[in-house]
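Please read the structure below before turning to the comments.
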Number of protein chains: 2
Amino acid sequence: MKITAQEEYGLRCLLQLAQADRETGLSVKEIASKEGISPAYVEKLLRLMAKAGLIHSVRGVNGGYRLDRKPTELSLRDVVRALGSLPTTEEICDRHPGNRTSCVHIQECCIRSAWSTLTQAIDGFMGKVLISDLMGPEAKVTQTLQSRITTPFSV
Amino acid sequence: MKITAQEEYGLRCLLQLAQADRETGLSVKEIASKEGISPAYVEKLLRLMAKAGLIHSVRGVNGGYRLDRKPTELSLRDVVRALGSLPTTEEICDRHPGNRTSCVHIQECCIRSAWSTLTQAIDGFMGKVLISDLMGPEAKVTQTLQSRITTPFSV
DNA sequence: CCAATACATGACACTTTAGTCAAGTATTGA
DNA sequence: TCAATACTTGACTAAAGTGTCATGTATTGG
């Protein structure tokens with residue numbers, strides 16, 4: 001259970017766009033220098049999100065990338081999904097067949113139950129966190145997120 | 001946000017031990033054949049958990065691995081930790097510095113806030129799931145886990 | 001004692017993920 | 001028009017994560 005590099009850097013790039021002027025957007029270079037990532041990598045990440053319909057590109061002089069929706073209409077789940085994370089329960093099982101063609105527990109599996117409960121909870125949380133919730137000082141964001149998680153995993 | 005192979009297979013091996021006779025334990029070969037994984041890999045995973053003090057090995061004829069604690073005294077969090085997953089917020093930041101020596105958002109970071117809230121929730125949930133909760137038919141396990149998550153991420 | 005069983009260890013090969021590069025196409029403005 | 005800007009693409013290199021192997025050590029039973 002780890003945050004992948006794509007999730008981390010992809011979200012950072014998107015947040016830059018969210019904080020920029022919606023009409024003007026930002027160029028790959030600008031995002032790269034603001035985030036301390038290489039332009040080539042930024043390009044790759046933005047393209048993934050463009051493919052998912054979260055942002056779009058404008059070519060030529062004064063071009064760049066722009067957000068397709070308002071930050072209030074874009075959830076953390078949308079972003080993470082665009083970046084190819086958060087596999088479904090079925091995908092988790094398919095990825096771990098051991099040295100068989102399919103997992104020996106395919107019919108009855110208590111672990112599947114655990115991963116399923118967990119990933120659904122994570123998905124639910126991410127769906128409730130909007131990009132707009134992430135814009136602002138860290139302390140305030142933390143407060144907002146805590147409320148989004150309503151009596152979460154803790155009793 | 002993905003379940004790693006070590007988490008998946010490691011938990012499966014541990015669960016085999018939990019279901020076996022506490023005195024007799026199981027040999028690496030037995031676990032490997034029950035799970036459809038290679039003995040060499042099972043060995044590697046068990047060693048990680050032995051290092052963490054969850055299980056211990058007995059050498060020689062009739063040797064094998066045995067659980068150190070009762071399944072009711074061992075949580076999913078213990079297992080996942082032993083397998084090297086679930087990084088702390090600090091580790092997440094350290095792992096993603098971009099092309100600088102340290103992340104440009106080191107002082108103020110709204111994303112850190114998101115990952116922190118999320119991983120703490122996951123950690124909390126895993127701490128409440130005992131290995132004994134995972135022993136039994138899938139349907140019943142699911143029911144138990146749902147209750148462990150009390151009004152989780154969903155409203 | 002010694003042969004068979006079974007864990008112990010570290011180095012290795014393989015696979016996936018992360019990140020870069022080079023050569024290309026579209027758009028603008030002078 | 002044409003030169004500068006900036007996105008596009010796919011192939012490539014590097015790093016991390018997976019999984020295997022060979023060699024070694026401890027224990028037991030005959």
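Predicted model, so just to flag it, every value in this text is computed and none were measured. By convention in this document, chain letters (A, B, ...) are assigned in the order of the sequence lines, proteins followed by strands, and residues within each chain are numbered from 1.
Annotation: the span from B:L46 atom CG to B:I55 atom CD1 amounts to 4.5 Å, rounded to 0.5 Å. Put simply, SG on B:C93 and NE2 on B:H105 are 10.0 Å apart, with the number rounded to the nearest 0.5 Å.
Neither side chain, B:T142 nor B:E138, offers a donor N or O lying under 3.5 Å from an acceptor on the other. Under the 3.5 Å distance criterion, with hydrogens and angles disregarded, a donor-acceptor pair is assigned to the side chains of A:E43 and A:Y65. Under the 3.5 Å distance criterion, with hydrogens and angles disregarded, a donor-acceptor pair is assigned to the side chains of A:Q120 and A:S116. Judged purely by distance below 3.5 Å, without hydrogens or angles, the side chains of B:E7 and A:W115 never pair a donor atom with an acceptor atom.
C:dG19 atom P lies 9 Å from atom CD1 of A:I37, rounded to whole Å. Atom-to-atom, NZ of B:K2 to C1' of D:dG17 comes out at 12 Å; the value is rounded to the nearest Å. If you measure from atom OH of A:Y9 to atom C1' of C:dG19, you get 10 Å, rounded to the nearest angstrom. With rounding to whole Å, B:L46 atom CG is found 14 Å from D:dG19 atom C1'. For A:Y41 and C:dT20, the OH to P distance is 8 Å, given to the nearest whole Å. Distance, B:M1 CE to C:dT17 C1': 17 Å, rounded to whole Å. Between the C1' atom of C:dA18 and the CD1 atom of A:I3 lies a distance of 16 Å, rounded to the nearest Å.
Hydrophobic clustering (side-chain heavy atoms under 4.5 Å, transitive across Ile, Leu, Val, Met, Phe, Trp, Tyr) groups A:L118 together with A:I92.
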Checklist entry - How would nucleotides 1-15 of chain D be written as a contact map, 5' to 3', with B for base contact, S for sugar-phosphate-only contact and - for no contact, using protein heavy atoms under 4.0 Å? => result ---BBSBBB------
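Residues of residues 83-104 of chain B that place a heavy atom closer than 4.0 Å to DNA chain D, in numerical order, are B:R95.
Checked against D:dT18, C:dC21, C:dT17, the side chain of A:A40 finds its nearest nucleotide in C:dC21.
Partners of B:H96 according to the ring-ring contact (aromatic ring centres under 6.0 Å, His included) rule, which considers only residues two or more places apart in sequence or in another chain, are A:Y9.
More than 12 heavy atoms of other shown residues, nucleotides or ligands fall within 6.0 angstrom of atom CD in B:E91.
Taking only side-chain nitrogens and oxygens, B:S38 comes nearer than 4.0 Å to OP1 or OP2 of D:dT20.
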